[in-house]
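As a basis for the values below, the full set of heavy atoms in this structure was taken, side chains included, without hydrogen atoms, waters or symmetry mates. Bear in mind that the values here come from a model prediction, so they are computed numbers and not experimental data.
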Amino acid sequence: MLIVADDKIPFLKGALEPYAQVVYLPGASIGPADVKNADGLIVRTRTIVNQELLQDSKVKAVVSATIGTDHMDIPWLEANQIAWSNAPGCNSGSVKQYIASVFSVLEQNYYPLRGKTLGIVGVGNVGSKVAKVGEAFGMKVLLNDPPRKEKEPGFESVDLNVLLQMSDVVTFHVPLTREGKYPTWYLLNDTTLLMMKRGSVLINSSRGEVVEERVLKKGLSSELIKHAVLDVWEHEPDISLELQERLMIGTPHIAGYSVDGKANGTTAAVRFMSQQFGLGIDNWSASELPVFEDMSLSASGVYDRLNLELAKLVVSTYDVTTDSQRLKASPQDFESLRGNYPVRREFPAWKVKVPNEDLALIHALKLLGFKTGE
């Protein structure tokens, strides 16, 4: 049996080799000739999985070790009896940490969040966790997810226009869909821009085309949008340098790039291949995640402003401005910055000592996922 896999998927090498021949290739360069004799294919978002790639192959199963599926032609796969899967929620904890770091930067740069309103567009695995970040920082949280509302009548979904009008911070966590009842392509457009509360903050870490960059530039120029944060871009990796200069934070599509998130994606991919081909490793898990020498933190014990203390602890685990500075210094290296991303561990890997057992801080830390105690 032959499996072709993206060579940038961590923890994968060695997992399937006892059961199959595995060929590792750069994701963006995987072509029809590479998969012609393959039985299985493991990809990330850089491989476009469609008829052009697979029509002359004998591939029976495809899995993406990522949360997204917009790089896969799912109707074609299903019409041709090719089993497919992705890794929903695999990097939700990582994006949660990314958003918490963005919030920390806001706090540390004179944009206090306590009492402000957070609008979350898309409330699946990621958006649900981002809601806890808003709660930890003392924000009122509004949720918008019409597809979820249809499935769960008890779910309270605020109309998008109302959310935009009321929110001080708006963050997108939707898949990219161009058709259907609820398309997300260009959710931020000329019309929705005018609905936004003046002086608000916009964050997009979902898919680049959810935000029309021409409109975002207009919003920044008019100061309808005070600050903008992008982890995803319309034409990545060829990003707009003009827009990059105007962002508070701009990063190279790495919000979900924690080691923990990558391990979850690889685990899901290996289990799917095992299930499809009867390999007997349906419960396999990526293990031996790297750790830092000291993964303990200490709160100061002086809490003039709870959110500033929280921000200090969050940034100690991950400072999003470092990624932003790297991209600003070398925007042409977008792909290599992703491919050689440094180790980042999520909040549950860290333990925080809280002097004086400040209950408000402990509650906020637990909402983020930190371990607390002596």
Query raised in the report: Is it true that K312 and E309 have a side-chain N and a carboxylate O under 4.0 angstrom from each other?
Result: yes
Requested in this report: Applying side-chain contact (heavy atoms from CB on, under 4.5 Å) between H173 and each of N204, I67, I99, report the one that passes.
Outcome: I99
Requested in this report: Name the orientation class of the two ring planes belonging to F137 and F103 (parallel below 30°, tilted from 30 to 60°, perpendicular beyond 60°).
Outcome: perpendicular
Query - Interatomic distance, W76 atom CH2 to E52 atom CD [nearest 0.5 angstrom] - result: 11.0 Å
Report task. Please check if any side-chain donor atom of S285 sits under 3.5 Å from a side-chain acceptor atom of R271, or the reverse. Result -> yes
Query raised in the report: Counting only N and O atoms by type, is there a donor-acceptor contact under 3.5 Å from the side chain of S336 to the main-chain atoms of D333?
Result: yes
**Report entry** Other residues, nucleotides, ligands: >12 heavy atoms within 6.0 Å of K366 NZ
**Finding:** no
Query raised in the report: Charged N to carboxylate O under 4.0 angstrom, D70 versus R207?
Result: yes
**Report entry** K13 to Y24, cation-pi by 6.0 Å centre distance and 45° axis angle
**Finding:** yes
Query raised in the report: Got a salt bridge between E212 and R214, using NZ or NE/NH1/NH2 to carboxylate O under 4.0 Å?
Result: yes
Query raised in the report: Which value, rounded to the nearest 0.5 Å, describes the distance between W350 atom CH2 and M295 atom CE?
Result: 4.5 Å
Requested in this report: Hey, could you give me the CH2/CG distance between W185 and L176, rounded to the nearest 0.5 Å?
Outcome: 9.5 Å
Query raised in the report: Are any of the side-chain nitrogens in E150 or K181 under 4.0 Å away from the carboxylate oxygens of its partner?
Result: yes
Report task. Is it possible for you to check whether K8 lies under 6.0 Å from the centre of the six-membered ring of Y341, through NZ or CZ, and within 45° of that ring's axis? Result -> no
Query - Common cluster, L164/L118, ILVMFWY with side-chain heavy-atom separation under 4.5 Å - result: no
Requested in this report: Using a strict 4.0 Å threshold on nitrogen-to-oxygen distance, state whether E223 and R198 make a salt bridge.
Outcome: no
Query raised in the report: Quick one: are V291 and R345 in side-chain contact, heavy atoms under 4.5 Å?
Result: yes
Query raised in the report: Step by step, would you call D282 with S274 a side-chain hydrogen bond (donor to acceptor under 3.5 Å, both in side chains)?
Result: CA-CA 6 Å; D282 293 7; S274 175; 2.4 Å; yes
Query - Salt-bridge contact D56-K36 (side-chain N to carboxylate O under 4.0 Å) - result: no
Query raised in the report: Could you go step by step and tell me if Q244 and W233 meet the side-chain hydrogen bond (donor to acceptor under 3.5 Å, both in side chains) rule?
Result: CA-CA 10 Å; Q244 183 187 31; W233 310 69; over 6 Å; no
**Report entry** Note: E335-R46 ion pair, threshold 4.0 Å (strictly below)
**Finding:** yes
